[in-house]
Each structure stands twice: as C-alpha cells, then as structure tokens.
Amino acid sequence: MKQAYYEFEFGTLRITTDGDFVTRLDCVGGPRAPGEHTAASDAAFCELQQYLAGTRRQFTFAHRAQGTEFQKKVWQALTEIPYGQTRTYGQIAAAIGNPKASRAVGMANNKNPLMIVVPCHRVIGAGGSLVGYAGGLDMKRRLLQIERCEVNG
C-alpha cells in the first residue's frame, strides 16, 4: 500500500493505492509531504480535479473498495445514482432490497473508502436536507453544487 498526498479544493487529499488500484480517497488535516505518488494515484487525482472543475461526470481510473457484503451492496447502489441527482437513505435501503435498513445504509456511507467516486454525497435526509458527510457538510454542499443538485440546507 502506498499513500500519496495532494492539495485540492478541500484541503489535503490522501490517495491510497495497492498496485494499480486506488483503494482509498479521504481528506486529511493539513498539508503533508507528497508521499509515494504512483501512476494510479496521479490518474485518480487528475480525474478528481476534472470532476471538481465540472468537466468530468464519471471516473475511469482503476479502483476497488474493501468492505462487508452489505457495505459493498450499498456502495454499488450509490454508484447507480445518476450525476446531478440525489437519493435518500430510505431510497437506497429500498434499492438494495432492505427497506428498513436506512440507518445501516447511513453507516455504510460513513465507511465509504472512495469519497466522491462512490458518491455518498448524493445521499440526503428524508426531508431533502444535507446530513452527514465524512468531508463535512460544506464539502457535500459544494459537490452537489458542482452537479447542480438542489437540496435544503
């Protein structure tokens, strides 16, 4: 596993790679030394910058996430939310065939290792409000603005 650090719109982004695959994207506090940049981490950062500039809607770099079967099912459902649209936790729970699992969906979102790429920022509260995001609500709001999503709050 290699970790590379990049400065971006929201602070410092850590990209973790395992060979040719990106396995984690997360924000970390404060500037860091560059770490070990790889072709995979550079490709991921380039695509994320394009997304933030509004010129990319889908990610093509190689990535994989480790998690429980339930988490993987939730994360797959998140990738099926179209760019520019949102879903509620309840809608995701129903989509995975477990309509009473809204809270569990929220916990799986919280464990999402590939922020932005697995778009947990597109999941909102039942009343249309912004709730919880690993990168903070300001980042979630900004990501939804990039996609031109309308939300309350």
Single hit among Val118, Val123, Ile92 for side chain to side chain contact (heavy atoms under 4.5 Å, CB included) with Asn109:
Val123
Look up atom CG in Leu48 and atom CZ in Phe59, then write down how far apart they are to the nearest 0.5 Å.
5.0 Å
Quick one: are the ring centres of His37 and Tyr6 less than 6.0 Å apart?
yes
What is the distance from atom OH of Tyr83 to atom CD1 of Ile146, rounded to the nearest 0.5 Å?
7.0 Å
Side chains of Met139 and Met115: closer than 4.5 Å at any heavy-atom pair?
yes
Can you tell me how far CG of Leu13 sits from CD of Gln49, rounded to the nearest 0.5 angstrom?
8.5 Å
Would you say the side-chain atoms of Asn110 pair up with the backbone N or O of Ala134, donor to acceptor, closer than 3.5 Å?
no
Looking at Tyr51, I'd like to know if the NZ or CZ of Arg56 sits under 6.0 Å from its six-membered ring centre while staying within 45 degrees of the ring's axis.
no
Residues Arg142 and Leu52: closest non-hydrogen pair is NH2-O, 4.2 Å
Counting only heavy atoms not in Gln58, do more than 12 fall under 6.0 Å of its CD?
no
Taking Val131's backbone N and O only, do any of them form a donor-acceptor pair with Lys140's side chain (distance below 3.5 Å, no angle check)?
yes
Flag side-chain contact, heavy atom, 4.5 Å: His121 against Leu144
yes
Which residue is it: Thr17, Thr16, Ile15? I am looking for the one with a side chain to side chain contact (heavy atoms under 4.5 Å, CB included) to Lys2.
Thr17
Check whether any side-chain heavy atom of Arg141 sits under 4.5 Å from a side-chain heavy atom of Asp138, and report yes or no.
yes
Candidate pair Arg122 and Glu147, rule salt bridge (Lys or Arg N to Asp or Glu O under 4.0 Å), full reasoning:
CA-CA 9 Å; Arg122 294 180 188 154; Glu147 297 186 21; 2.8 Å; yes
What's the verdict on side-chain hydrogen bond (donor to acceptor under 3.5 Å, both in side chains) for Tyr5 and Gln3, showing C-alpha distance, side-chain angles and the deciding distance?
CA-CA 7 Å; Tyr5 298 89; Gln3 294 181 341; 3.1 Å; yes
Testing the basics here: between Gly90 and Ser102, what is the closest heavy-atom pair and its distance to 0.1 Å?
CA-OG, 3.3 Å
Test item: Thr55 side-chain N/O and Gln50 main-chain N/O as donor-acceptor pair under 3.5 Å
yes
Measuring from Ser41:OG to Arg14:CZ, what's the distance to the nearest 0.5 Å?
13.0 Å
Looking only at heavy atoms, what is the nearest atom pair of Glu80 and Gln76, with distance?
OE2-NE2, 3.0 Å
Treating Glu47 as the side-chain partner and Thr60 as the backbone partner, does any N or O pair qualify as donor plus acceptor under 3.5 Å?
yes
When rounded to the nearest 0.5 Å, the distance separating CD of Glu7 from CZ of Phe45 is 8.5 Å
If we ignore hydrogens and angles and just use 3.5 Å, is the side chain of Gln85 paired with the main-chain N or O of Pro82 as donor and acceptor?
no
Which heavy atom in Ile96 sits nearest to a heavy atom in Ala77, and how many Å separate them?
CG2-CB, 3.8 Å
Show the nearest heavy-atom pair for residues Ala65 and Leu114, with the distance to one decimal.
CB-CD1, 3.9 Å
Start with the C-alpha distance between Phe10 and Leu143, add both sets of side-chain angles, then the distance that settles side-chain contact (heavy atoms from CB on, under 4.5 Å), and finish with yes or no.
CA-CA 11 Å; Phe10 304 104; Leu143 296 174; 4.2 Å; yes
Mind running side-chain contact (heavy atoms from CB on, under 4.5 Å) on Val117 and Phe61 for me, showing each step along the way?
CA-CA 10 Å; Val117 175; Phe61 64 88; 3.4 Å; yes
Of all heavy-atom pairs between Val22 and Ala44, which one has the smallest distance, and what is that distance?
CG2-CB, 3.8 Å
Donor-acceptor under 3.5 Å (Trp75 side chain, Ala108 main chain)
yes
Can you find a heavy atom in the side chain of Lys72 that is under 4.5 Å from one in the side chain of Thr68?
no
I'd like to know whether NZ of Lys73 has more than 12 heavy-atom contacts from other residues, nucleotides or ligands below 6.0 angstrom.
no
Test side-chain contact (heavy atoms from CB on, under 4.5 Å) applied to Tyr89 and Ile124, step by step:
CA-CA 7 Å; Tyr89 294 96; Ile124 59 174; over 6 Å; no
If you measure from NZ on Lys111 to CZ on Phe70, what distance do you get to the nearest 0.5 Å?
13.5 Å
